[in-house]
Amino acid sequence: MTDQDFARLYRSLKLIRRVEERVAEIYPSDKIKSPVHLSIGQEAVSVGVCDALNPDDYAIGTYRGHALYLAKGGSLNGFMAELFGKIDGCARGKGGSMHMIDTAARMLGCSAVVATNIPIALGYAWKLKREGKQRAIACFFGDGATEEGVFYESLNFASLHKLPVLFVCENNALAIHTPLETRWAHHDIADRVRGFGIPVHGNRDMDVLAIREIATEALAGIRAGNGPVFMECHTYRWRQHVGPNEDFDAGYRSRDEMRKWVESDQVERIGAMLGAGEKEAIDADIENRIVQSVAFADESPFPGPQELMTHVYAE
Amino acid sequence: MTDQDFARLYRSLKLIRRVEERVAEIYPSDKIKSPVHLSIGQEAVSVGVCDALNPDDYAIGTYRGHALYLAKGGSLNGFMAELFGKIDGCARGKGGSMHMIDTAARMLGCSAVVATNIPIALGYAWKLKREGKQRAIACFFGDGATEEGVFYESLNFASLHKLPVLFVCENNALAIHTPLETRWAHHDIADRVRGFGIPVHGNRDMDVLAIREIATEALAGIRAGNGPVFMECHTYRWRQHVGPNEDFDAGYRSRDEMRKWVESDQVERIGAMLGAGEKEAIDADIENRIVQSVAFADESPFPGPQELMTHVYAE
Amino acid sequence: MSTQSEPANGRLLSYADALREAVDQEMARDENVFTFGIDVDDHVAIQGTTRGLRERYGAGRVFSTPLSEDAMTGFAVGAAMAGMRPIHVHIRQDFLLLCMNQMINMAAKTHYMYGGLLKAPLVERAIIGKSWGQGPQHSQALYSLFAHIPGLKVVAPSNASDAKGCMIAAIRDDNPVVFTEHRLLYYAEAFVPEEPFEVLPGRSRVCTEGTDVTLVGISNMVPECLRTAELLADAGISAEVIDPIWLRPLDTDTIIASVAKTGRLLVVDNAWTACGMSAEILACVAESDALAGGAQLARMGFAPTTCPTTPTIEEDFYPNPATIASKVYSMVKPGADAWAPDPEKAKLAYQKQFKGPF
Amino acid sequence: MSTQSEPANGRLLSYADALREAVDQEMARDENVFTFGIDVDDHVAIQGTTRGLRERYGAGRVFSTPLSEDAMTGFAVGAAMAGMRPIHVHIRQDFLLLCMNQMINMAAKTHYMYGGLLKAPLVERAIIGKSWGQGPQHSQALYSLFAHIPGLKVVAPSNASDAKGCMIAAIRDDNPVVFTEHRLLYYAEAFVPEEPFEVLPGRSRVCTEGTDVTLVGISNMVPECLRTAELLADAGISAEVIDPIWLRPLDTDTIIASVAKTGRLLVVDNAWTACGMSAEILACVAESDALAGGAQLARMGFAPTTCPTTPTIEEDFYPNPATIASKVYSMVKPGADAWAPDPEKAKLAYQKQFKGPF
Ligand SMILES: Cc1ncc(C[n+]2csc(CCOP(=O)(O)OP(=O)(O)O)c2C)c(N)n1
Ligand SMILES: Cc1ncc(C[n+]2csc(CCOP(=O)(O)OP(=O)(O)O)c2C)c(N)n1
Ligand SMILES: [Mg+2]
Ligand SMILES: [Mg+2]
């Protein structure tokens, strides 16, 4: 890996971290009237995988989609304006935090109904396979999504037709506040996925470089027509399930749990790898972009009344 | 195993075989105005498992439920009258061939929507577990049912709560006319089921004695509170998916396929184990019962107009 | 929009063959069109409606799937978003209950929720079963569940010609369309134009004109209403029969104009009435100012119960020309004694034709 | 049956606390009652409605589940068949779309399809979301999909007292009940009797009497109609507000009697109108002979579009006391200029209270 690679990874990691921290700061002002599911602490998964994707590959995610959207290159202005409910938002304000989309960046729409995005990815993959240009789609979802039947139906169909899908499970060991023990009969998802003839690669400590490497390798096989690959990335959610704050006072988990993840924080880690000055320059540029995006969102008008009945049907 | 055991197994196997053959004979008369999914050739699975069940254990099956219903001890008169659409049918003629039920025999209602009966079994198992009397429920379904998401959701929940369920997959390698290769990414269902922490036992050649033994062992563990067990029984459907006839002229399978199954026909095999005279006595008794049940069905009246709006809601 | 002219030329074609021809012609026209679902490529070929398509267009565009309706519906939505034109087939409408999440939470909302950036042009074909012991779980007509949802379109052609025209319109439509077919209509023949044509959304058709009562039939109830009109003629009652064809968007103007003329409306649905299409049509008519005078409004549909398997009471579950005619008679001649038409005349051709199992 | 008398004694209780108390009392009464679903036993406790139950009744009767709505619904149906009384909870009604197969193909048909041998007494609780960017997939009200189906019952209490009475009635009912709750009603308080009581199916309540127009509100639209009635009073219009409470079985007699008196009906639904409850109610009234004179019938509901997230247009998605009042005014005074009430007065208390995220 070159210095540029590290710089690029850092820029992406830090941008996501700072954008979401800014979102959390803005939230109490009620400018963002939309439930936010922050990815703070989980950035490395989206960043590692998206860095392995080509610009013309697709990604699709969930209501916890800020990190993925930004890692895939989604417009920051469109993002912030969407959170503010403005007409210049990436979904004209109609989707909000849970439905981020940027088709230009090949970032497909996120869904707020758990696991609904998984079979959608198969449909795209079908098209990509027919097209024959070795393009792929990365499908992101949480550990809870693997409990929905459609997940297994999708694994079977994707494997059966060798579809170019990279399944990425962001396992933060929580579904809202419910731990894995309450939800999984068997602790290892890999044992379930392999039963469909799909290779599984995991990363337990959210090492962005390792994730990037695994994804790169997986994508090579996928592009070669070998069919889908499943990645399980263990990670940790630093904030509330939904909302801007921490929630270690809620009682369902302890702050100790978080320590190991903070110590191995990939934003810090990769930042430390950059040459003196470079990090500062990137940080400054990021702050700059964020300020501009907030200004952009502030200035953008709210959708007018006619928008209510616009786009109900496609013409 | 004692002679009585063999006699009992034979009686059950032969009864089912002859009843369904009779149903097929009657069908052209249009007395049975209900789609029939015959189990001819598959009897050994239901018979082997049900022989291992206690009378106060439950069984639940599918639209291909004739064999299970009779093996579990469902009333033959109620069965025949149900096929004839009469008021003395086990479901007052309202269910027909696809919804056989006999609560006295602990035979729960069958369903015509693939895999819908699987989570239903969990609900019963929950009640049985709370009751603490070491009772169990055997849940029967086909290979196609394992493609529905609810199957996996159910495996997870049953294993998570160690529910007393014996899952019995009757794998006849067909869903209507579609072979496994078109439906399963990976040929071995056991690899999928084990991923949920559920032990799997299979029988490839539909040996009724082996099936009975496997089920007996499995039920011992289930009653001991070890949680669900999954049985895969390979089998073969001799007749059409639906309807009374053979269909080797349809082109989707060849008669050769069937040969090995006919040669190992369990009805013949177990029959040959009985003492001279005993077999004949049982056969005669069976023919007798069938004649009586048809007469019973013939004589029973059709439901009157008031039945249309009876039992819409439970009072 | 109101009535549309019958297609000019054409050959006698069955409803099933008309569906097959429509899909065939669209697949030939647009390589993005493909059709799939449980058993689309076996020898039964969805009662002939997919016959020959795999040979002609290959396994990549015509294929059977695992029994995974939820994922296969999401797959269709994704493929549609990606620019393809999927046709997802279900041999019974009852199985659509496994597709609700993707159809309503995703397909219906795709275009709106993503600010117009994506669309989901897919066709969800689903057949309504009837007779020969279809029973509780193979006889349901659930189109009103979809007609309730903005973003979805729903169509229920009642004859071979509309079957072709509606299928082509549905495939070309840029939105998700729930395409309702009826098993008992599959053999019904009509003159169907050879060349492709569209029967567009939002246009009801006046099938026969009349002056005493407006009969709106839906799906399989259109032929039953047409027969009813003949029976009523014997009783000196002139019925105007209307086929809405498309249930969402629904053209009520044609219906309201007719009721304004006849002063009486009977909607005969091929489904349950509560919160169904018959409720919607009555509500639209009742709300309209065009009927300041006030009109007599009534509806018929499935009996409010689960469909029984045994034929004797299954028959009472459905409206039929005899019961419809008697109902109309009582509306037109409130005072008079009850009247029922000659049972022999009331029978419909297909009722003699159709013979189980499926 | 018609109106029922308000419960005698009682304390001020919130809708959420009333639900909790009902479940608590029923679980104490009958050990077969149990409650489960995604997140029922976390610290949020379904906004307090399951708080303390696990401590009191144990993990065997109060538990969180995997994210498997389809199987968990079937599990509930099976447990109900086996003699238990499951209460399955969903934090949003949108997720019921994963439960349709078991609810409609199994639960609704259990008693009939098995000739009365089995029954499925279960309660499917589902909350409707609104405001603070709930958006396309967390704001739907889908009760009419279930009200379409024979074998199911549907209830939508609009105040704390009915919440308790309906929940107890639903748990004791021998049939599957879809229990509709509204997120914005959770804080609304009312006097609720301490002892258990039932608000039985099939009885509408006249909330306030009036002479000029009948306002039927559903779920959260009842308080909005009550506020509307106050606004209309200022304009000299007397509105009679009716709450059907139970949507299936639906008591239309009370509504029809009211319309016979007022000559005008406006149904304000908390959902889409097409094939919805407002369509059903209008159709029932339009069909009834009691209104030979003819009456003015109208309905309001969600705008026929997907619910947008951004607040400016989200507000236009819903009816509110101001838009309802203006609509009524135009019905009562056809000739007159449009009228709108004082916006300040039109605001509802909870609109100031509620503040996101969920
Ligand atoms: C089908 C469905 N059921 C329930 C919910 C409510 N819900 C929202 S997020 C969530 C937890 C999902 O957990 P996971 O998939 O691990 O994603 P995470 O939030 O941890 O990133 C649940 C249950 C939903 N949105 N959709
Ligand atoms: C949910 C659902 N989808 C489709 C069907 C149509 N169908 C009826 S039987 C069947 C095949 C089932 O195969 P399998 O589970 O192997 O059982 P078998 O008939 O072989 O005994 C299908 C697809 C159905 N009844 N239910
Ligand atoms: Mg998680
Ligand atoms: Mg099979």
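The chains referred to below are lettered A, B, ... by the order of the sequence lines, with proteins before strands, and numbering in each begins at 1. The structure presented is a predicted model; accordingly, all values stated were derived computationally and were not measured.
Using bins of under 30°, 30° to 60° and over 60° for the plane-to-plane angle, the ring pair C/Phe75/A/Trp126 lands in the perpendicular bin.
Remark: side-chain polar atoms of C/Tyr112 are paired, donor with acceptor, to backbone N or O of A/Leu308 under 3.5 angstrom. The backbone N or O of A/Cys110 lies less than 3.5 Å from a partner atom in the side chain of C/Tyr114, making a donor-acceptor pair.
At a threshold of 4.5 Å between non-hydrogen side-chain atoms, the residues C/Leu117 and A/Arg92 do not count as touching. Looking at C/Met81 and A/Ile120, their side chains come closer than 4.5 Å, going by heavy atoms from C-beta outward. With a 4.5 Å cut-off on side-chain heavy atoms, A/Phe157 and C/Pro66 count as touching. Within the 4.5 Å cutoff, the side chain of C/Met113 has no heavy atoms near those of the A/His311 side chain. In this structure the side chain of C/Gln102 reaches within 4.5 angstrom of the side chain of A/Pro119, judged on heavy atoms.
The greatest number of non-hydrogen atom pairs below 4.5 Å with chain A, out of C/Asn32, C/Asn175, C/Thr73, is found for C/Asn175. Of the residues considered (A/Ser111, A/Gly149, A/Ala91), A/Ala91 shows the highest number of contacts with chain C, using heavy-atom pairs under 4.5 Å. The most heavy-atom pairs under 4.5 Å with chain A, out of C/Lys109, C/Glu69, C/Lys153, come from C/Lys153.
Proximity to chain A is absent for every atom of C/Leu98, based on heavy atoms less than 4.5 angstrom apart. Using a 4.5 Å cut-off between heavy atoms, A/Val113 touches chain C through its side chain atoms alone. Using a 4.5 Å cut-off between heavy atoms, A/Glu307 contacts chain C through its backbone alone, with no side-chain atom that close. If you measure heavy-atom distances from A/Ile137 to chain C, you find no contacts under 4.5 Å at all.
In A/Gln306, the CD atom is crowded: over 12 heavy atoms of neighbouring residues, nucleotides or ligands sit closer than 6.0 Å. Remark: C/Glu31 CD is loosely packed, at most 12 non-hydrogen atoms of other residues, nucleotides or ligands lying under 6.0 Å away.
To the nearest 0.5 angstrom, A/Glu153 atom CD is 5.5 Å from C/Asp70 atom CG. With rounding to the nearest 0.5 Å, the separation of CG in A/Leu108 from CG in C/Leu118 is 6.5 Å. The distance from atom OH of A/Tyr313 to atom CG of C/Asp173, rounded to the nearest 0.5 Å, is 9.5 Å.
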